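Predicted model only: the values in this text are computed from it and were never measured. Hydrogens, waters and symmetry mates are skipped; everything else that's a heavy atom, side chains included, is used. Position 1 is the first residue of the sequence; numbering continues from there.
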Amino acid sequence: MRPLPLAILTLSGLTAACASNGPDAPAPVVAAASSAPAPTPGYDWHLTPTDGAVLLAYGVAESDDLRLGLNCDLGSGRVDLTAPGKTGEREIHLESGGETERFPAEGEPTELHDGDLLSAQAATSEPVLQRFRRVGWMAQWSDGRREVYVPHPGSEGAVERFFALCG
């Protein structure tokens, strides 16, 4: 697993990802499944390709309000997951279209919210991530609560583009 300070750098990059609305935004490629939950007003998936890496962040544009971040080196087939968590929480529990997975995580206190910033690694081939690629939405479980992260019309293609770039 990468050193935890990298998670802090990733969070900074994810903030930039949420602020990105430039010409690099892809055209929609994959529409969310018709049974997908409804998008949350103000929150969306934001894709930011950088030199040799790509970030996909779910949150509020141009803010530090991030719910889930996925970061990969181009073609690596590996994803760094970043999410806020409760103090002492040490897993990122994801769900998509009926698939679930719990990823062991490291945590570090953060001033961005009450609790810790969690970081974990996964292969892009994990069933929950492949289902996310197909259906376009993801849910995260924390402290018995489920938050669903659904793209708004026009940003659905960010998920497929992320996986195409990550390998």
Side-chain angles (χ1 to χ4, degrees), residues 2 7 10-85 91-103 105 117-142 146-167:
R2 290 186 178 179
T10 299
L11 185 60
S12 298
L14 295 175
T15 300
C18 282
S20 174
N21 291 329
D24 290 333
V29 176
V30 177
S34 60
S35 63
T40 301
Y43 288 83
D44 207 352
W45 287 103
H46 305 275
L47 181 74
T48 303
T50 61
D51 292 334
V54 62
L55 303 170
L56 181 65
Y58 184 83
V60 175
E62 301 180 33
S63 80
D64 290 332
D65 190 353
L66 302 170
R67 302 298 171 93
L68 181 64
L70 293 86
N71 180 21
C72 76
D73 292 331
L74 297 177
S76 70
R78 303 285 309 160
V79 176
D80 293 318
L81 305 168
T82 306
E91 75 175 12
I92 298 175
H93 182 182
L94 300 177
E95 169 199 345
S96 185
E99 295 286 346
T100 63
E101 185 65 46
R102 296 172 188 262
F103 298 97
L117 178 63
L118 304 177
S119 62
Q121 286 191 325
T124 57
S125 61
E126 292 283 348
V128 70
L129 295 178
Q130 286 300 302
R131 183 65 58 97
F132 172 46
R133 184 178 188 175
R134 287 190 300 278
V135 301
W137 62 268
M138 176 83 72
Q140 181 176 352
W141 288 86
S142 180
R146 179 180 184 250
E147 287 190 15
V148 182
Y149 309 144
V150 181
H152 285 268
S155 64
E156 305 96 334
V159 174
E160 172 57 29
R161 184 163 179 221
F162 175 81
F163 284 98
L165 292 168
C166 290

- prompt: Can you tell if the side chain of V79 reaches within under 4.5 Å of the side chain of F103, non-hydrogen atoms only?
  reply: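 V79 vs F103: side chains apart.
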query: Hey, are the side chains of V54 and T48 touching, using non-hydrogen atoms and a 4.5 Å cut-off?
result: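 Result no, sub-4.5 Å side-chain heavy-atom pair not found.
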Whether the side chain of [X] engages the backbone of [Y] through a donor-acceptor N/O pair (distance < 3.5 Å, no angle test) should be reported.
{"X": "H152", "Y": "Y43", "result": "yes"}
{"X": "S96", "Y": "W137", "result": "yes"}
{"X": "E126", "Y": "T124", "result": "no"}

Derivation of the side chain to side chain contact (heavy atoms under 4.5 Å, CB included) call for W45 and M138: CA-CA 10 Å; W45 287 103; M138 176 83 72; 4.1 Å; yes
How far does [atom1] of [X] sit from [atom2] of [Y], to the nearest 0.5 angstrom?
{"X": "L55", "Y": "H46", "atom1": "CG", "atom2": "NE2", "value": "12.5 Å"}
{"X": "R131", "Y": "T100", "atom1": "CZ", "atom2": "OG1", "value": "10.5 Å"}
{"X": "L94", "Y": "Q140", "atom1": "CG", "atom2": "CD", "value": "6.0 Å"}
{"X": "L56", "Y": "C166", "atom1": "CG", "atom2": "SG", "value": "8.5 Å"}
{"X": "L117", "Y": "L66", "atom1": "CG", "atom2": "CG", "value": "9.5 Å"}
{"X": "R102", "Y": "I92", "atom1": "CZ", "atom2": "CD1", "value": "12.5 Å"}

task: Using distance alone, with no hydrogens and no angle criterion, decide if R67 and Y149 have a side-chain donor and acceptor under 3.5 Å apart.
output: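 Absent: no donor and acceptor within the cut-off.
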If you take all heavy atoms of [X] and [Y], which pair is closest and at what distance?
{"X": "R78", "Y": "A123", "result": "NH1-N, 3.4 Å"}
{"X": "L129", "Y": "A122", "result": "CD1-CB, 4.0 Å"}
{"X": "D44", "Y": "P151", "result": "OD1-CA, 3.3 Å"}
{"X": "N71", "Y": "F162", "result": "N-CZ, 4.2 Å"}

task: Start with the C-alpha distance between T82 and L118, add both sets of side-chain angles, then the distance that settles side chain to side chain contact (heavy atoms under 4.5 Å, CB included), and finish with yes or no.
output: CA-CA 6 Å; T82 306; L118 304 177; over 6 Å; no
